[in-house]
Amino acid sequence: MLQSTSLHVAIIMDGNGRWAARRGLPRAAGHRAGADAVRRVVEAAPGQGVAALTLFAFSADNWKRPPTEVAALMRLFARHLRTETARLVANGVRLEVVGRRDRLPAPLVAAIQAAELATAGGTALRFRLAVDYSARAAIPAGQLLPDVDLLIRTGGEQRLSDFLLWECAYAELYFTELMWPDFAAADLADALRAFHARQRRFGGLPEAAAG
Ligand code: FPP
């Protein structure tokens, strides 16, 4: 099977809250476990032929959540960036945060800038984190990313939720019932196996019919 080694995988990380509720834990515990899953997937991706990984951490519509949850998420993002930067550098991961920055707390903006600067030389993986991101806002502003090959959504819902609408024009879609904190390297491998088993036609004919 021909396996491209320059895939762009995008993930809508859903299900942190339900993962926590099922364990009788506060939602914040689900988000912390979600951050561990982020680390696992970022570290597994290059070995699975993924050249670019874009994770949806916070949508422009997530501001509608209770202020305490929003604040906890912002602190978690900043802490994660600060504590993970050395590992990202060691693993050759180049981090970039996409989305609006003008509504983010100053400590998070500072953590983003420091992490982006420190990881700028990474060549093993382009890791993009979407924070305060809206595809409907990004498209008219021309803030476009490379085409997505595989879009994964965890948590059982089957929708795009304003994520990379332009870039997913020909993406293969993969939905899993797994809650994001349970998502592991083997689950990324399962999704990639399903992806490689599909025939992408981009509007053309199947290879056999095209002669
Ligand atoms: C969706 O679960 C998840 C989010 C809105 C936040 C994404 C955040 C993380 C994965 C945590 C850490 C990320 C980084 C980059 C450190 P939900 O709260 O919508 O879950 P639910 O649908 O079960 O309520």
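Order of listing sets the numbers, starting from 1, for every ligand and every atom in it. All values reported here derive from a predicted model rather than from experimental measurement.
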J.: For ligand 1, is W180 a contact, meaning one of its heavy atoms is under 4.0 Å away?
T.: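 Yes; W180 lies near enough to ligand 1 that a heavy-atom distance drops under 4.0 Å.
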J.: Please identify which atoms of ligand 1 are closer than 4.0 Å to at least one heavy atom of A35.
T.: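 With A35 as reference, the close atoms of ligand 1 come out as 11 (C), 12 (C), 16 (C).
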J.: Within a radius of less than 6.0 Å around CH2 of W166, do more than 12 heavy atoms belonging to other residues, nucleotides or ligands occur?
T.: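 Counting neighbours around CH2 of W166, 12 or fewer heavy atoms of other residues, nucleotides or ligands fall under 6.0 Å, so no.
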J.: Given the rule in the side-chain contact (heavy atoms from CB on, under 4.5 Å) test, do L145 and T54 qualify, once you have shown the distances and angles that lead to the verdict?
T.: CA-CA 9 Å; L145 300 185; T54 305; 4.0 Å; yes
J.: To check your reading of the model: name the closest protein heavy atom to atom 3 (C) of ligand 1, its residue, and the distance in Å.
T.: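 Here the closest protein heavy atom is M13 O, 3.2 Å.
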J.: Testing V38, I12, D14 for side chain to side chain contact (heavy atoms under 4.5 Å, CB included) with W180, which one passes?
T.: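 Considering V38, I12, D14, a side chain to side chain contact (heavy atoms under 4.5 Å, CB included) with W180 is found only for V38.
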J.: Any atoms of ligand 1 less than 4.0 Å from a non-hydrogen atom of H31? List them with their elements.
T.: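 With H31 as reference, the close atoms of ligand 1 come out as 11 (C), 12 (C), 18 (O).
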J.: If we only count heavy atoms from C-beta on, is the H8 to R126 side-chain gap below 4.5 Å?
T.: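 No, their side chains stay 4.5 Å or more apart.
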J.: Within a reach of under 6.0 Å around CZ of R200, are more than 12 heavy atoms found that belong to other residues, nucleotides or ligands?
T.: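 Counting neighbours around CZ of R200, more than 12 heavy atoms of other residues, nucleotides or ligands fall under 6.0 Å, so yes.
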J.: Work out whether the distance between some heavy atom of R79 and some atom of ligand 1 is less than 4.0 Å.
T.: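 R79 does not count as a contact of ligand 1 under the 4.0 Å cut-off.
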J.: Tell me: protein heavy atom nearest atom 9 (C) of ligand 1, and distance?
T.: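 Among all protein heavy atoms, the one nearest atom 9 (C) of ligand 1 is N16 ND2, 3.4 Å.
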J.: Using a 4.0 Å heavy-atom cut-off, which part of H80 comes near ligand 1: side chain, backbone, both, or neither?
T.: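 Only the side chain of H80 comes within reach of ligand 1.
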J.: Between F58 and L129, is any pair of side-chain heavy atoms under 4.5 Å apart?
T.: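 Heavy-atom side-chain distance check fails, nothing below 4.5 Å.
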J.: Within the 4.0 Å heavy-atom shell around L129, which atoms of ligand 1 are there?
T.: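 Contacts of ligand 1 toward L129, numbered from 1: 15 (C).
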J.: Who's the nearest protein heavy-atom neighbour of atom 7 (C) of ligand 1, and how far?
T.: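 For atom 7 (C) of ligand 1, the nearest protein heavy atom comes out as A57 O, 3.2 Å.
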J.: May I ask you to identify, for R65, whether its side chain, its backbone, both or neither come under 4.0 Å of ligand 1 on a heavy-atom basis?
T.: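 Under 4.0 Å from ligand 1, R65 contributes side-chain atoms alone.
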J.: For L55, which part has a heavy atom under 4.0 Å from ligand 1: side chain, backbone, both, or neither?
T.: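 Neither; no heavy atom under 4.0 Å.
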J.: With sequence neighbours excluded, tell me which residues meet ring-ring contact (aromatic ring centres under 6.0 Å, His included) with F175.
T.: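 Scan of F175 (ring-ring contact (aromatic ring centres under 6.0 Å, His included), adjacent residues dropped) gives none.
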J.: Look at R101 together with E116 and state whether they make a salt bridge at an N to O cut-off of under 4.0 Å.
T.: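 Result for this pair is yes, salt bridge flagged.
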J.: Quick one: are L125 and L53 in side-chain contact, heavy atoms under 4.5 Å?
T.: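 In contact.
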J.: Pull out every atom of ligand 1 sitting under 4.0 Å from any heavy atom of L76, numbered as shown with elements.
T.: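 By the 4.0 Å cutoff, the relevant atoms are 11 (C), 12 (C).
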J.: So is R27 polar-close to ligand 1, meaning N/O to N/O under 3.5 Å?
T.: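 In this structure, R27 places an N or O atom under 3.5 Å from an N or O of ligand 1.
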J.: Measuring from non-hydrogen atoms of R32 to any atom of ligand 1, is the shortest distance under 4.0 Å?
T.: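 Not so, R32 does not reach ligand 1.
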J.: Think R22 forms a cation-pi with W19, using NZ or CZ under 6.0 Å from the six-ring centre and within 45 degrees of its axis?
T.: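 So R22 doesn't make the cation-pi contact.
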J.: Quick test of your reading of the structure: of F58, W19, F77, whose heavy atom lies closest to atom 13 (C) of ligand 1?
T.: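 Heavy atom nearest to atom 13 (C) of ligand 1 belongs to F77.
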J.: Going from CG on L165 to OG on S134, what distance comes out if it is rounded to the nearest 0.5 angstrom?
T.: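 Here the interatomic distance stands at 8.0 Å.
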J.: Would you say G17 and ligand 1 have an N/O pair spaced under 3.5 Å apart?
T.: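 Looking only at distances, the answer is yes, because the N/O contact criterion of under 3.5 Å is met.
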J.: Does R18, backbone or side chain, put an N or O under 3.5 Å from an N or O of ligand 1?
T.: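 For ligand 1, there is an N or O atom that lies under 3.5 Å from one belonging to R18.
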J.: What about D14: any of its N or O atoms under 3.5 Å from an N or O on ligand 1?
T.: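 It does: an N or O of D14 is found under 3.5 Å from an N or O of ligand 1.
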